[in-house]
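Note that the coordinates shown come from a computational prediction; the quantities given were computed from them, not determined experimentally. Protein chains get the first letters and strands the later ones, always in sequence-line order, with residue 1 at the start of each.
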Protein chains: 2
Amino acid sequence: MQKSLRPSTPNMARPTTKDLARVAGVSRATVDRVLNGREGVKSETVEKVTAAIRELGFVRNISAANLAKSKSYRFIFVLPRSGDQFLDEILRHIHEAGEVFASDMIWAEVQPIDENDPHQIAAFLASLSPGDVDGVAIMAPETPQLRDAMTRLAERGVCALPFISNQALSGDNLVGIDNRAAGKTAATLMGRFIHAPRGQILVIAESMQSRDSLERRLGFDQVINHSFPHLTTLPSLETYGSAERAERVITAATQRNPDIVGVYVMSSEARIPLEVLERTDLPQQIVSIAHERTPFTENALRNGSIDALITQDPGHLVRSAIRRLRALSDNLTTSTSQEKIRIEVLIATNI
Amino acid sequence: MQKSLRPSTPNMARPTTKDLARVAGVSRATVDRVLNGREGVKSETVEKVTAAIRELGFVRNISAANLAKSKSYRFIFVLPRSGDQFLDEILRHIHEAGEVFASDMIWAEVQPIDENDPHQIAAFLASLSPGDVDGVAIMAPETPQLRDAMTRLAERGVCALPFISNQALSGDNLVGIDNRAAGKTAATLMGRFIHAPRGQILVIAESMQSRDSLERRLGFDQVINHSFPHLTTLPSLETYGSAERAERVITAATQRNPDIVGVYVMSSEARIPLEVLERTDLPQQIVSIAHERTPFTENALRNGSIDALITQDPGHLVRSAIRRLRALSDNLTTSTSQEKIRIEVLIATNI
DNA sequence: ACGGTTTTGAGGCACGTGCATCAAAATTTT
DNA sequence: AAAATTTTGATGCACGTGCCTCAAAACCGT
């Protein structure tokens with residue numbers, strides 16, 4: 001029974017290992033053995049110490065421990081090379097966060113990888129050892145190789161965190177939004193923003209091979225079909241990041257379907273498809289919804305060519321990932337602090 | 001000799017005050033004098049040390065410094081007594097955060113106050129000294145007394161942070177959302193969700209004396225008038241937190257205005273007005289938008305009696321405030337880490 | 001050159017924890 | 001009971017910084 005977790009008077013000092021030793025009736029050396037899980041301590045003695053921990057409400061001073069070990073945290077963000085604007089924002093915030101976290105002895109670095117070469121990613125992860133690095137945040141499509149590499153990494157004692165776009169239902173560990181819910185949100189806004197009695201919705205992605213797009217599409221269709229049966233969703237168009245291809249498939253689709261009343265751009269890089277749509281002769285009152293805030297989408301929102309933006313704040317993402325990695329590499333046991341990334345909805349009036 | 005801010009190899013240690021002393025060609029005592037701004041150092045010597053700091057990219061190890069000073073942070077949340085559900089959530093998260101931040105030597109406490117007694121608040125703030133407490137987050141209506149008390153507190157070296165609802169345009173320091181933008185967002189959603197060719201919107205607040213409500217109303221009207229001229233906003237109804245009064249004014253308003261197509265509940269406690277509306281015989285397809293996620297509003301969103309919720313995540317608010325206070329009390333000079341709280345839009349599909 | 005003042009250096013202890021060593025005590029095995 | 005083994009205690013250094021004291025050095029005005 002802990003009397004109180006918190007000092008009732010300001011000057012009440014926090015219990016130290018010395019206090020633990022005194023209360024448990026053992027030496028500081030033994031307290032140390034228990035706290036750090038070393039061998040050769042009678043279970044009876046362990047119990048005495050843990051009882052004292054509970055009684056005093058002892059919390060290990062991590063700063064002091066890190067100082068003693070001269071430990072500093074080194075985290076690596078494994079990110080795709082491809083430089084779309086969203087990724088640029090992420091990079092910028094990683095460097096910014098690097099400076100902020102420096103005084104906490106946290107280093108954050110970026111390792112660019114070819115996101116479509118699972119072997120290369122796996123090889124990189126395999127090259128990391130606990131001595132070199134304390135945690136990795138990985139933004140890459142889910143593949144069996146990657147999944148295995150992450151598991152092995154965790155087994156070697158380096159924590160790995162899916163970042164933004166990755167591994168399906170690593171769920172509670174992912175730093176990023178629930179893409180299915182994001183798709184649902186887009187659909188609800190789309191359905192309610194569209195006043196036409198019926199019509200079709202154009203759906204554009206960079207590639208439907210990425211899990212993100214699949215999940216968004218899933219959520220989107222689910223809500224449109226269930227709640228807005230007067231609307232039809234067209235098959236996903238894929239740009240593969242190419243402007244020419246985007247031009248081709250989008251114009252083809254708009255000519256084939258005269259009743260388009262909405263456009264949903266699922267990929268994080270909305271610039272290419274939106275520029276193409278700009279040039280296409282679609283009716284003005286079309287509702288368009290895209291993802292991620294970038295200089296381009298922000299501007300598009302302002303001038304009305306986009307009606308809503310589903311976003312995740314890059315700064316929050318980065319800082320949250322860093323804090324999560326720190327928590328993970330500190331207490332392998334305690335539950336991670338619940339830092340759920342929320343889906344933000346941006347419209348012209350709250351950017 | 002190390003030019004880079006960041007270690008290129010993992011084992012490159014961070015420069016310490018000892019390194020600074022060596023490079024600057026002075027003693028560690030002098031480095032200490034410069035670092036901590038003590039008097040009696042020739043400006044020439046100061047320059048030598050700051051040059052070394054720049055050259056090495058020295059960053060003070062705050063953990064070690066705090067350890068040496070046996071400093072721990074003590075922050076106080078000054079919150080209204082009144083226990084609405086939103087406040088309950090805030091309280092819960094403060095206690096939760098207290099445990100998480102304990103290992104970083106951060107204590108967070110709550111001081112309940114009567115939010116409508118500026119004198120009492122000012123007196124409490126005046127009773128605080130830098131020795132007792134390192135920072136205060138204050139949630140209370142703006143008054144001249146409070147503003148003065150906060151200024152004086154800051155002068156005494158205790159940082160004060162407006163929390164959620166407070167001081168007008170302390171702007172960049174406020175932990176909370178921009179209420180004007182929140183009102184605008186509500187209006188945009190309202191305007192686009194309403195399909196009726198014309199109609200009136202009911203606006204309900206707890207009290208229009210609070211700055212929050214005023215700003216939300218301002219933003220709301222601005223957007224409705226500008227972008228949705230076919231809609232009319234009715235004068236704000238005030239409940240003063242009383243169920244009877246809410247019942248009276250709301251039923252009166254609904255009888256007086258037959259063309260109500262939307263309801264906007266501005267106050268953070270949406271339960272009372274919504275329960276009244278539930279009993280009122282309004283047409284089913286009315287669009288209703290409220291603020292803050294509570295067990296009640298969450299449920300209302302699920303069962304469709306609310307169409308959208310403008311929220312700020314209580315957990316984020318609390319943790320952000322704590323981190324902000326820590327940053328403030330650490331470096332009185334450096335720019336605070338940019339932790340802007342975003343306006344979240346919740347609809348049935350992304351709760 | 002003198003005394004006085006300002007500036008600097010040297011050294012040491014403290015903070016709370018990790019880690020190492022060696023001896024002492026307790027327990028088990030022979 | 002002696003020997004072997006396990007468990008515990010005592011002690012000390014280290015981490016990086018703050019803060020203290022005292023003396024040495026550099027500078028000042030006369």
(message) Measuring only between side-chain heavy atoms, which start at C-beta, is B/V23 closer than 4.5 Å to B/E55?
(response) yes
(message) What contact category does A/R28 fall into here, base, sugar-phosphate, or nothing, at under 4.0 angstrom with non-hydrogen atoms?
(response) base
(request) Would you mind reading off the distance between B/N66 atom CG and D/dC19 atom P, rounded to a whole angstrom? (result) 11 Å
(message) Judged by each residue's nearest nucleotide on DNA chain D, which is more toward the 5′ side, A/K42 or B/T16?
(response) A/K42
(request) Could you tell me the separation between the NZ atom of B/K18 and the P atom of D/dG18, rounded to a whole number of Å? (result) 14 Å
(request) Take the protein atom CG of A/N61 and the nucleotide atom P of D/dG16, then report the distance between them rounded to whole Å. (result) 16 Å
(request) Rounded off to whole Å, could you give me the CD-to-P distance for the A/E44 and C/dA25 pair? (result) 19 Å
(message) Could you check whether A/E99 pairs with A/R92 (Lys NZ or Arg NE/NH1/NH2 to Asp/Glu carboxylate O, under 4.0 Å)?
(response) no
(request) Find the distance A/E39:CD to D/dT5:C1' and express it as a whole number of Å. (result) 15 Å
(message) If you apply the rule ring pair (Phe, Tyr, Trp, His ring centres under 6.0 Å), what do you find for B/H316 with A/H316, and how did you get there?
(response) CA-CA 10 Å; B/H316 268 175; A/H316 269 173; 5.3 Å; yes
(request) Verify the contact: side-chain N or O of A/T30 to OP1 or OP2 of D/dT8, cut-off strictly under 4.0 Å; return yes or no. (result) no
(message) Checking B/F75 against B/D134 for the side-chain contact (heavy atoms from CB on, under 4.5 Å) test, could you report, in this order, the C-alpha distance in whole Å, the side-chain angles of both residues, the deciding distance, and whether it holds?
(response) CA-CA 6 Å; B/F75 300 135; B/D134 302 286; 3.7 Å; yes
(message) Considering every strand and a 4.0 Å limit on heavy-atom distances, what is the contact class for B/N36: base, sugar-phosphate, or nothing?
(response) sugar-phosphate
(message) What is the distance, to the nearest angstrom, from the CD1 atom on A/I62 to the P atom on D/dG16?
(response) 19 Å
(message) For a quick test of reading the model: is some side-chain N or O of A/K69 closer than 4.0 Å to OP1 or OP2 of C/dC19?
(response) no
(message) Side-chain N or O of B/S27 versus OP1/OP2 of C/dG9: is the shortest distance under 4.0 Å?
(response) yes
(message) With nearest nucleotide decided by heavy atoms, which residue, B/V26 or B/L67, maps closer to the 5′ end of DNA chain C?
(response) B/V26
(message) What is the separation between atom CZ on A/R60 and atom C1' on C/dG18, rounded to the nearest whole Å?
(response) 9 Å
(message) Students often get this wrong, so: under 4.0 angstrom with heavy atoms, is B/D32 touching a base, only sugar-phosphate, or nothing?
(response) base
(message) So B/R33, base contact, sugar-phosphate only, or nothing? Heavy-atom distance under 4.0 Å.
(response) base
(request) Could you point out which residue of B/V158, B/D148, B/V133 forms a side chain to side chain contact (heavy atoms under 4.5 Å, CB included) with B/L153? (result) B/V158
(message) If I take atom CD in residue A/E47 and atom P in nucleotide D/dT8, what distance separates them, rounded to the nearest angstrom?
(response) 13 Å
(request) Please tell me which of the listed nucleotides, C/dG18, C/dC15, D/dT8, lies nearest to the side chain of B/A68? (result) C/dC15
